[in-house]
Amino acid sequence: MSYMHLFKTTGTFGEFGRVGEFKTRRGIVKTPTFMPDGTRGAVKCLTPEQVYGTGVQVVLNNTYHLHLAPGEETVAALGGVHGFGRWDGPILTDSGGFQVFSLSKLRKITEEGVKFKHPITGEMRFISPEISIQVQLKLGADMIVAFDHLTGLDDDSRKDTLEAFERTHRWLARCVIEFKKLTQDMPVGERPLLFGVVQGGLDLELRRKSLEIVQASDVDGIAIGGLSVGETREEMFTVLKALAPLYDPNRPRFLLGVGTPEDLHFAYEQGIDMADCVLPTRNARHATVWTTGDAKIHLTNEKYTKDPEPIMVGCDCYACAHDFSKAFLRHQFKVGEPLAGSLASIHNLRYLTRICDEYRALS
RNA sequence: GCAGAGGUAGUGAAGCGGUCAAACACAACAGACUGUAAAUCUGUCGGCAUUCGCCUUCGAAGGUUCGAAUCCUUCCCUCUGCA
């Protein structure tokens, strides 16, 4: 049922890196690509036009957050995630699987699904693989992700890797069944794409096995989950390296939740096509931006008080191209003006999309 | 002029005889952040040493006391009310 030959390779770089494109029901996505997280239906601090202006093609929304508020019924009544948030391009929803990890103190896992306690209201919500798929389809995303069991990779959580690995595959099978059931009447070309998630922690055998299972499933894309959750960079790189030769060439590969410029370079060179992360926008709101050579600077530092230079000389983002000085940005951050977070977000997003542009220009 | 209230570290503000270099908040300074409980959080924040610690501070100057930011005296300044 998954699309045959969905991914079209148009070029390669390095041993595993590839340039290409694939079709969603809302247009073509050119890869490699970076997708900002608009968890609650919007990329924080930015209008869709500003996001688009950074070279972003796809934005992420989150199933858990939109399910809680305002609810998928409301979003659907307002035109789905596209009509609601006024983003015309492709939208990918994350399944809520990340919240199994990030809200680990507020949830209880059973084989059936996960019971979440709302962090603020205390309200209980149950999300199962089936419910996640139902909500994502109702939200109207163009790409959706199977509900997985994500555990951390700090020393404490590593013991749960095997359990999470096994459950993720059982849940994947249930996601695929539910997805097929709910999309069987959709005309080809109007059906969203389903991504299955690879788990297995740092165990390379489990990782290979998981990839094999996911690729044997009826999914359109391969998502790599369970990384950048407490392990070292070297450990993450080792996993990406191990998987690189094993991917199905016909499906897009999505690295969940990564990351830094350095991480993205490595991931794309290991054959990853797409990635998402909160880092560019969250860091930006916290006054941290990337500049020449992937260096990270804090715009609130005292030394920028009178700095007339933009964040990065030669950068073509709106903030740098219009010569907003570091002194101006520091001041706006210091006095709490939201414009500072917006301009810094634009810069950081452009910094990451430019990495993608540079790889795409290689072919 | 009279009557009240008050002067504490950059600011606001606790403390009202020993456990006070002095709570707390803000500001300042530095840092963290990877499928967003995050425009959030952490650390430092009198000086020196940065480990034990030492030194100088609570408007000013005297005094009481083993011991004072805390009690007394005088002076300086601020605010409120009445003239």
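The chains referred to below are lettered A, B, ... by the order of the sequence lines, with proteins before strands, and numbering in each begins at 1.
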**Q** Could you check how far CZ of A:Phe98 sits from C1' of B:C33, rounded to whole Å?
**A**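 Computing the A:Phe98:CZ to B:C33:C1' distance gives 11 Å.
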**Q** Between the base of B:C29 and the side chain of A:Thr300, is there a donor-acceptor distance below 3.5 Å?
**A**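 Not at all, since no donor on one side and acceptor on the other fall under 3.5 Å apart.
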**Q** Output yes when at least one side-chain N/O atom of A:Arg282 is less than 4.0 Å from OP1 or OP2 of B:U34, else no.
**A**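 For B:U34, OP1 or OP2 has a side-chain N or O of A:Arg282 closer than 4.0 Å.
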**Q** How far, in whole Å, is B:U64 from B:C77 if one measures between their P atoms?
**A**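 It works out to 27 Å between them.
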**Q** Under a 3.5 Å cut-off for both contacts, is B:C29 paired Watson-Crick or G-U wobble with anything, and if yes, with which nucleotide?
**A**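 Its partner is B:G43.
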**Q** Base, sugar-phosphate alone, or nothing: which one does A:Arg330 contact when heavy atoms must sit under 4.0 Å apart?
**A**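 If one applies the 4.0 Å heavy-atom cut-off, A:Arg330 turns out to touch the sugar-phosphate alone, with no base involved.
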**Q** Which part of the nucleic acid does A:Lys296 contact within heavy-atom distance under 4.0 Å: base, sugar-phosphate only, or nothing?
**A**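 The answer is sugar-phosphate, as A:Lys296 gets under 4.0 Å only of primed atoms, P, OP1 or OP2.
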**Q** State whether a side-chain donor-acceptor pair under 3.5 Å links A:Asn348 with A:Ser345.
**A**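 There is no such pair (donor and acceptor under 3.5 Å, judged by atom type) between the side chains of A:Asn348 and A:Ser345.
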**Q** Which nucleotide in the set B:G35, B:A38, B:A32 lies at the smallest distance from any side-chain heavy atom of A:Leu256?
**A**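 Between B:G35, B:A38, B:A32, the one nearest the side chain of A:Leu256 would be B:G35.
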**Q** Paired with B:C75 by Watson-Crick or G-U wobble geometry, both distances under 3.5 Å: which nucleotide is it?
**A**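 Paired with B:C75, as far as the under-3.5 Å criterion goes, is B:G59.
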**Q** Should the ring pair A:Phe266 and A:Phe237 be called parallel, tilted or perpendicular, given that the plane angle runs from 0 to 90° and is split at 30 and 60?
**A**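 Parallel: the ring planes of A:Phe266 and A:Phe237 meet at under 30°.
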**Q** Of all the nucleotides listed (B:G35, B:U36, B:C33), which has the minimum atom distance to the side chain of A:Arg285?
**A**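 Comparing B:G35, B:U36, B:C33 against the side chain of A:Arg285, the answer is B:U36.
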**Q** For A:Leu106, report the nucleic acid contact type (base, sugar-phosphate, nothing); a contact means any heavy atom under 4.0 Å.
**A**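 Base contact.
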**Q** Could you tell me which nucleotide pairs with B:C66 by Watson-Crick or G-U wobble geometry, both distances under 3.5 Å, or answer none if nothing does?
**A**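 Answer to the pairing question: B:G18, which forms a Watson-Crick or G-U pair with B:C66.
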**Q** Give me the distance, rounded to whole Å, that separates B:U11 from B:C58 when you measure between the P atoms they each carry.
**A**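 Rounded to whole Å, the distance is 15 Å.
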**Q** Once you round it to whole Å, what is the distance between P of B:U34 and CG of A:Asn348?
**A**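 Going from A:Asn348 (CG) to B:U34 (P), I get 14 Å.
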**Q** Closer than 4.0 angstrom, basic N to acidic O: yes or no for A:Arg233 and A:Glu235?
**A**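 A:Glu235 and A:Arg233: not salt-bridged.
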**Q** What nucleotide among B:A30, B:U34, B:A32 has an atom nearest to a side-chain atom of A:Asn301?
**A**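 Looking only at heavy atoms from C-beta outward on A:Asn301, the closest nucleotide is B:A30.
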**Q** Please indicate whether A:Arg86 has more than 12 foreign heavy atoms, meaning atoms of other residues, nucleotides or ligands, lying under 6.0 Å from its CZ.
**A**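 For A:Arg86, atom CZ is not crowded (no more than 12 foreign heavy atoms under 6.0 Å).
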**Q** Measure the distance from CG on A:Leu264 to P on B:U34 and round it to the nearest whole Å.
**A**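 Answer to the nearest Å: 14 Å.
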**Q** Between A:Ser210 and A:Gln199, do the side chains contain a donor N or O and an acceptor N or O under 3.5 Å apart?
**A**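 No pair is found: no donor N or O on one side chain lies under 3.5 Å from an acceptor on the other.
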**Q** How is A:Val229 classified with respect to the nucleic acid when contacts are heavy atoms under 4.0 Å: base, sugar-phosphate, or nothing?
**A**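 The residue A:Val229 makes no contact with any strand.
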**Q** Once you apply a heavy-atom cut-off of 4.0 Å, does A:Arg107 come out as touching a base, just sugar-phosphate, or nothing?
**A**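 Here A:Arg107 touches no strand at all.
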**Q** Could you tell me which nucleotide pairs with B:U50 by Watson-Crick or G-U wobble geometry, both distances under 3.5 Å, or answer none if nothing does?
**A**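 Its partner: none found.
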**Q** Ring of A:His286 versus six-membered ring of B:U40: centres under 5.5 Å and planes under 30°?
**A**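 According to the criterion (under 5.5 Å, under 30°), yes, A:His286 stacks.
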**Q** How far does the P atom of B:A68 sit from the matching atom of B:G59, given to the nearest Å?
**A**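 Looking at atom P only, B:A68 and B:G59 are 15 Å apart.
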**Q** Using a cut-off of strictly less than 4.0 Å, decide whether A:Lys334 has a side-chain nitrogen or oxygen near OP1 or OP2 of B:C29.
**A**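 Affirmative; the distance criterion is met.
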**Q** Nearest of B:U36, B:C29, B:G35 to any side-chain atom of A:Val145?
**A**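 Output: B:G35.
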**Q** Roughly how many Å apart are B:A22 and B:G4, using the P atom of each and rounding to a whole number?
**A**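 Between the two P atoms, the distance is 36 Å.
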**Q** Could you tell me whether A:Arg174 and A:Glu112 make a salt bridge, using a distance below 4.0 angstrom between a side-chain N and a carboxylate O?
**A**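 Counted as a salt bridge, because a side-chain N and a carboxylate O are separated by less than 4.0 Å.
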**Q** For A:Asp294 and B:U34, what is the distance between atoms CG and P respectively, to the nearest whole Å?
**A**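 Taking CG of A:Asp294 and P of B:U34, I get 18 Å after rounding.
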**Q** Whole angstroms only, please: what is the OH-P distance between A:Tyr304 and B:G31?
**A**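 Distance, rounded to whole Å: 9 Å.
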**Q** Hey, is the side chain of A:Asp148 pairing donor to acceptor with the base of B:G35 inside 3.5 Å?
**A**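 By the distance-only test, yes, there is a pair.
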**Q** In Watson-Crick or G-U wobble terms, both distances under 3.5 Å, what is the partner of B:C2?
**A**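 Its partner is B:G81.
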**Q** Rounded off to whole Å, could you give me the CG-to-P distance for the A:Asp37 and B:U34 pair?
**A**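 Going from CG in A:Asp37 over to P in B:U34 covers 12 Å.
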**Q** Using a heavy-atom cut-off of 4.0 Å across all strands, would you classify A:Gly226 as base, sugar-phosphate, or nothing?
**A**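 Base, at least one base heavy atom under 4.0 Å.
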**Q** Answer with base, sugar-phosphate or nothing: what part of the nucleic acid does A:Leu150 contact at a heavy-atom distance below 4.0 Å?
**A**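 Base contact.
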**Q** Check this one for me: any side-chain N or O of A:Ser102 less than 4.0 Å away from OP1 or OP2 of B:U36?
**A**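 No, no such contact exists.
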**Q** Classify the nucleic acid contact of A:Lys117 as base, sugar-phosphate or nothing, counting any heavy atom under 4.0 Å across all strands shown.
**A**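 It contacts nothing in the nucleic acid.
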**Q** Assess whether a salt bridge exists between A:Glu309 and A:Lys326, defined as any Lys/Arg side-chain N lying under 4.0 Å from an Asp/Glu carboxylate O.
**A**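 No salt bridge links A:Glu309 with A:Lys326.
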**Q** What integer number of Å spans the C1' atoms of B:A28 and B:U74?
**A**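 My reading of the C1' atoms in B:A28 and B:U74 gives 39 Å.
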**Q** What's A:His118 touching, base or sugar-phosphate or nothing? Going by heavy atoms closer than 4.0 Å.
**A**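 The residue A:His118 makes no contact with any strand.
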**Q** Using side chain to side chain donor-acceptor pair (under 3.5 Å) as the criterion, point out the one residue from A:Arg40, A:Gln99, A:His67 that pairs with A:Asn62.
**A**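 Going through the options one by one, the only one that passes is A:Gln99.
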**Q** If you measure from the P atom in B:A37 to the same atom in B:G46, how many Å do you get, rounded?
**A**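 Straight-line distance between the two P atoms is 36 Å.
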**Q** Roughly how far apart, to the nearest Å, are B:U44 and B:C26 at atom C1'?
**A**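 Looking at atom C1' only, B:U44 and B:C26 are 16 Å apart.
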**Q** Checking all strands, does A:Asp276 fall into the base, sugar-phosphate, or nothing category for heavy-atom contacts under 4.0 angstrom?
**A**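 Sugar-phosphate contact only.
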**Q** Does the structure show a Watson-Crick or G-U wobble partner for B:A13, both distances under 3.5 Å? Name it, or say none.
**A**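 Its partner is none (no Watson-Crick or G-U wobble pair with both distances under 3.5 Å).
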**Q** With rounding to the closest Å, how many angstrom separate the P atoms on B:G7 and B:C55?
**A**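 It works out to 29 Å between them.
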**Q** Please report, rounded to the nearest Å, how far the C1' atom of B:U44 is from the NE2 atom of A:His298.
**A**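 After rounding, the reported distance stands at 15 Å.
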**Q** A:Asn283 has a side chain; which of B:G35, B:C33, B:A39 sits nearest to it?
**A**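 Given the options B:G35, B:C33, B:A39, the side chain of A:Asn283 is closest to B:C33.
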**Q** Test for a donor-acceptor pair under 3.5 Å between the base of B:U34 and the side chain of A:Asp263, counting only N and O atoms.
**A**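 Indeed there is one.
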**Q** What is the distance, to the nearest angstrom, from the CZ atom on A:Phe266 to the C1' atom on B:U34?
**A**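 Going from CZ in A:Phe266 over to C1' in B:U34 covers 16 Å.
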**Q** Need to verify one output field. Residue with the more 5' nearest nucleotide on RNA chain B, A:Glu302 or A:Lys105?
**A**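 Result of the comparison: A:Glu302.
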**Q** Does OP1 or OP2 of B:U34 have a side-chain N or O of A:Ser228 closer than 4.0 Å?
**A**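 No, no such contact exists.
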**Q** Check the phosphate of B:G35 against A:Gln99, side-chain N and O only, distance under 4.0 Å to OP1 or OP2. Yes or no?
**A**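 No, A:Gln99 has no side-chain N/O under 4.0 Å of OP1/OP2 on B:G35.
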**Q** Taking the side chain of A:Leu103 as its heavy atoms from C-beta onward, which of B:A30, B:U36, B:A37 lies nearest to it?
**A**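 Given the options B:A30, B:U36, B:A37, the side chain of A:Leu103 is closest to B:A37.
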**Q** Do A:Tyr64 and A:Asp94 meet the criterion of a side-chain donor-acceptor pair at a distance under 3.5 Å?
**A**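 A:Asp94 and A:Tyr64 do not have a side-chain donor-acceptor pair below 3.5 Å.
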**Q** Is any side-chain N of the basic residue among A:Glu123 and A:Lys117 closer than 4.0 Å to the acidic one's carboxylate O?
**A**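 So A:Glu123 does not pair with A:Lys117 through a salt bridge.
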**Q** When all nucleic acid strands are considered with a 4.0 Å heavy-atom cut-off, which category describes A:Glu235: base, sugar-phosphate, or nothing?
**A**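 The answer is nothing, as A:Glu235 stays clear of every strand by at least 4.0 Å.
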